[in-house]
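Here is how names work: the chains are called A, B, and so on, in the same order as the sequence lines, proteins then strands, and each is numbered from 1.
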There are 2 protein chains.
Amino acid sequence: MFSRQGYQSTSLKEIAAAADMKAGSLYYHFASKEALMAEVLDRSIQFISDTVAEEIEELEENYTFESGLRAFIKGHLSAILKHPDYTTTTIRNNGQIPKAVQVIAHTKREHYEKQWRQLMVLGRQESFIRPDLDEQLFRLMVLGSLNWSSVWYNPKGQSIDSLVKHFTQVFLNGCR
Amino acid sequence: MFSRQGYQSTSLKEIAAAADMKAGSLYYHFASKEALMAEVLDRSIQFISDTVAEEIEELEENYTFESGLRAFIKGHLSAILKHPDYTTTTIRNNGQIPKAVQVIAHTKREHYEKQWRQLMVLGRQESFIRPDLDEQLFRLMVLGSLNWSSVWYNPKGQSIDSLVKHFTQVFLNGCR
DNA sequence: CAATAATTCTAATACCAATTAGAATCTAAC
DNA sequence: GTTAGATTCTAATTGGTATTAGAATTATTG
């Protein structure tokens, strides 16, 4: 509900109703609305991170930038598009969440982004990424494209695998 | 304020205060909070559209896909990053705006996207875009990257011109 | 200056939000 | 079957919200 309507537009009454409860009962399980949102955000990022990790584990120990990027894209995109309820929460609610909650989520988000940064370092080492291209800017381009897909994605359209293929090809060619 | 805090989190009291007024006085100028938001959204999209149009007019009559894409990227990116107050409104507030308002904005947004689609058709005609790449998907990748820049952009960092250069290079290489 | 129109303010409206305390109920263990 | 613990509900509190009607003020025009 947070992902569809945003934090402020979702009332505890609605949330409770969806769980067959009354609003007040939520306070047995969560200290506040903020605490509830914090947990949703936390799980959201964790889920994306885990999905990517699974893809990476399927590679050989010393994987190349090319196969690494493919795995990252597949993991991130699958997570976002298969569970938009969780993941879109992270993406949509960028400015409008109380700062206390954002701070909590920030740690986990940082950890996930660190893995992306390491991948870019690999691309640099392999000289796969063109020397005059800022690899951190490149990372932001890729993540932007991927995250934005949650806005336009239609499950009835192209398959996720097909999307992964196109994304990978564009960005592998793009950074060379 | 809508762009920073979101629609629901911005109260008429705050808006009025920023205009040196009391909340009630706003109703002389706008029929409702929704009507106010509708106008903001409308101007937001119009501004992006206009900025791109300016870039296009600087080209020769029969411009190529390559120079066209460069102009589109420059226009869109400049608009977003120079006036985040207007443009981020369109980007952030995707689900959380009353539907009545979204309908109003949809027409103008469609008109703008149509121009992007035409550019992609040009890329197809020139065979600049690789045959096995869906040009509409490519368009969504580019727009995703560009729009997402409003999330991470830091005015103290790289110049907008530099960003335009990098974006253009990545996506021109990417679609070939 | 008078009078008309354009703005803004005040104060009240009705409504919905998050939160809380305590009573009521349900569940599980002995 | 009784008791203790876990869970939910009820009902009230407090405070904010958009909106409105009408009075007060300011600006413009003849």
Taking atom [atom2] of [N] as reference, at what distance in whole Å does atom [atom1] of [X] sit?
X: B/Phe30; N: D/dT19; atom1: CZ; atom2: P; answer: 13 Å
X: A/Glu14; N: C/dA18; atom1: CD; atom2: C1'; answer: 14 Å
X: A/Leu26; N: D/dT7; atom1: CG; atom2: C1'; answer: 12 Å
X: B/Met21; N: C/dC9; atom1: CE; atom2: P; answer: 6 Å
X: B/Leu12; N: C/dT8; atom1: CG; atom2: C1'; answer: 15 Å
X: B/Lys13; N: D/dT20; atom1: NZ; atom2: C1'; answer: 18 Å
X: B/Gln8; N: D/dT17; atom1: CD; atom2: P; answer: 11 Å

**Asked** Aromatic ring centroids of B/Phe171 and A/Phe171 under 6.0 Å?
**Response** yes

[X] side chain: which of [options] is closest?
X: B/His29; options: C/dT7, D/dT19, C/dA17; result: C/dT7
X: A/Ala23; options: C/dT19, C/dT7, D/dC9; result: C/dT19
X: A/Ser32; options: C/dC9, C/dT19, D/dT8; result: C/dT19
X: A/Lys22; options: D/dT10, C/dT8, D/dT8; result: D/dT10
X: B/Tyr27; options: D/dT19, C/dT8, C/dT19; result: D/dT19
X: A/Ser25; options: C/dC9, D/dC9, C/dA17; result: D/dC9

Indicate whether any N or O donor in one side chain lies under 3.5 Å from an N or O acceptor in the other, for [X] and [Y].
X: B/Thr10; Y: B/Glu14; result: no
X: B/His166; Y: A/Asp132; result: no
X: A/Thr64; Y: A/Ser67; result: yes

**Prompt:** Does B/Gly24 or A/Glu34 map to a spot on DNA chain C nearer the 5' end, using the closest nucleotide for each?
**Reply:** B/Gly24

**Item:** Ionic contact status for A/Glu55 with A/Arg70, cut-off 4.0 Å
**Value:** no

**Asked** Is A/Thr10 touching bases, backbone alone, or none of the nucleic acid, heavy atoms closer than 4.0 Å?
**Response** sugar-phosphate

**Asked** Is the distance from OP1 or OP2 of C/dT8 to the nearest side-chain N or O of B/Tyr28 less than 4.0 Å?
**Response** no

